[in-house]
2 protein chains.
Amino acid sequence: MSADGGTADRQVPLVTTAAYESCPVTGVLRTVGDKWSPAVIRVLAEQPCGFNELDRAIEGISRRMLTRTLRNLEERGLVSRAPQGGGSTPSRVEYALTALGRSLREQLRALGTWAAAGGQDVPG
Amino acid sequence: MSADGGTADRQVPLVTTAAYESCPVTGVLRTVGDKWSPAVIRVLAEQPCGFNELDRAIEGISRRMLTRTLRNLEERGLVSRAPQGGGSTPSRVEYALTALGRSLREQLRALGTWAAAGGQDVPG
DNA sequence: CCGTATCCGTAACGATACTG
DNA sequence: CAGTATCGTTACGGATACGG
């Protein structure tokens, strides 16, 4: 066997930190891999929604986490935020999935189909 | 408009805790949504690997987290663990992707393709 | 070589009170 | 209605020393 890399030897990382951080898969998993994003996406896929409507639609979520989740999804371009009634305190804010958000929803559905078919057992 | 649920009103949660916890999508995201699972899957997709080989192949991972990640993936049936050399202290343990793990890898690749095409920006 | 045990810091999450 | 502020807890992850 030669001294330098043959078949199974590996001297250098296959997954470097830089490459991993800029990986699209890593990115989307970071975005949607938190506790509540999938729930929010699911509800908004049904129909656009106000803040408190969302709060009631998702059992167990706190207003704090709902805010954070919405802001995160908005930042990523998956959710749009539209305040209504131009005053200083909007009487209603409508959240909706963007086109990108709807396409992500389809990806997640595909993943769900795979998981359900593949016998992926559920946590708990 | 009638008093009971018409079009936009919602009195009951659309996403209940029980349904959410047992959701396949939630399950797979919990499994693979942590920091290192995607990296491990990626390396093992290349070829089966020993513990320290994995450690060196993934820059920045600690032995502790590698162990935890491998155990988690094994528990979910995505990775197989095969100790070699029957003694009390195996001289080598080979980790590999199971058939289920390989199929998940394909799903993740699809997600990555979507993310790269859709202009999902990366974190950082 | 293949891990486990321990300690510690940070970040995520939950509860609740308060504001515009 | 639509949030923010504050606080406490718990889970995740990193460093490192040790054991089989």
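Residue numbers begin at 1 in each chain, while the letters A, B, ... track the order of the sequences. Here the structure is a predicted model, which is why all the values come from computation and not from measurement. Heavy atoms only: backbone and side chains are in, while hydrogens, waters and symmetry mates are out.
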(request) Find the distance B:Tyr20:OH to C:dC13:C1' and express it as a whole number of Å. (result) 13 Å
(request) Check whether any side-chain nitrogen or oxygen of A:Lys35 sits under 4.0 Å from OP1 or OP2 of C:dG14, and answer yes or no. (result) yes
(message) Considering every strand and a 4.0 Å limit on heavy-atom distances, what is the contact class for A:Thr67: base, sugar-phosphate, or nothing?
(response) base
(message) Closest approach to the side chain of A:Phe51, judged atom by atom: which nucleotide of D:dA2, D:dG13, C:dG3 is it?
(response) D:dA2
(message) Per the side-chain hydrogen bond (donor to acceptor under 3.5 Å, both in side chains) rule, what does the pair list look like for residues 92-106 of chain B, sequence neighbours excluded?
(response) A:Trp114-B:Ser103, B:Glu53-B:Arg92, B:Arg81-B:Tyr95, B:Arg92-B:Glu94
(message) Rounded to whole Å, please give me the gap between CG in B:Asn52 and P in C:dT4.
(response) 13 Å
(request) Output the residues of residues 57-65 of chain A in contact with DNA chain C, where contact means a heavy atom of the residue under 4.0 Å from an atom of the strand; sort by number or write none. (result) A:Arg63, A:Arg64, A:Met65
(message) Run the side chain to side chain contact (heavy atoms under 4.5 Å, CB included) test on B:Leu54 and B:Leu44 for me, step by step, so that the C-alpha distance in whole Å, both residues' side-chain angles and the decisive distance to 0.1 Å come before the verdict.
(response) CA-CA 8 Å; B:Leu54 272 168; B:Leu44 291 183; 3.9 Å; yes
(request) Determine, for A:Glu46 against A:Arg42, whether the closest basic-nitrogen to carboxylate-oxygen distance falls under 4.0 angstrom. (result) yes
(request) Measure the distance from CZ on B:Arg68 to C1' on C:dG3 and round it to the nearest whole Å. (result) 14 Å
(message) With a 4.0 Å cutoff (strictly under), does any side-chain N or O of B:Arg30 reach OP1 or OP2 of D:dA11?
(response) no
(message) Checking contacts here: which listed nucleotide (C:dG3, C:dA12, C:dC1) is nearest the side-chain heavy atoms of B:Arg56?
(response) C:dC1
(message) Could you go through A:Val93 and A:Gln84, starting from their C-alpha distance and side-chain angles, then the distance that decides it, and tell me whether this counts as side chain to side chain contact (heavy atoms under 4.5 Å, CB included)?
(response) CA-CA 6 Å; A:Val93 177; A:Gln84 330 253 315; over 6 Å; no
(request) Can you measure from CG (B:Asp34) to CZ (A:Arg30) and round to the nearest 0.5 angstrom? (result) 9.5 Å
(message) Would you say that B:Leu78 contacts B:Leu97 through its side chain, given a criterion of any heavy-atom pair below 4.5 Å between the two side chains?
(response) no
(message) When you compare the side chains of A:Thr17 and B:Glu59, does any donor N or O come within less than 3.5 Å of an acceptor on the partner?
(response) yes
(message) Using OP1 and OP2 only, check whether a side-chain N or O of B:Tyr95 sits under 4.0 Å from C:dC1.
(response) no
(request) Would you kindly give the CG-to-C1' distance between A:Asp55 and C:dA15, to the nearest whole Å? (result) 13 Å
(request) Would you kindly give the CZ-to-P distance between A:Arg71 and D:dA5, to the nearest whole Å? (result) 11 Å
(request) Round to a whole Å and report the spacing from CG of B:Asn72 to C1' of D:dC12. (result) 12 Å
(request) For A:Asp34 and D:dA11, give me the distance from atom CG to atom P, rounded to whole Å. (result) 17 Å
(request) Using whole Å, report how far CG of B:Leu66 lies from P of C:dT4. (result) 10 Å
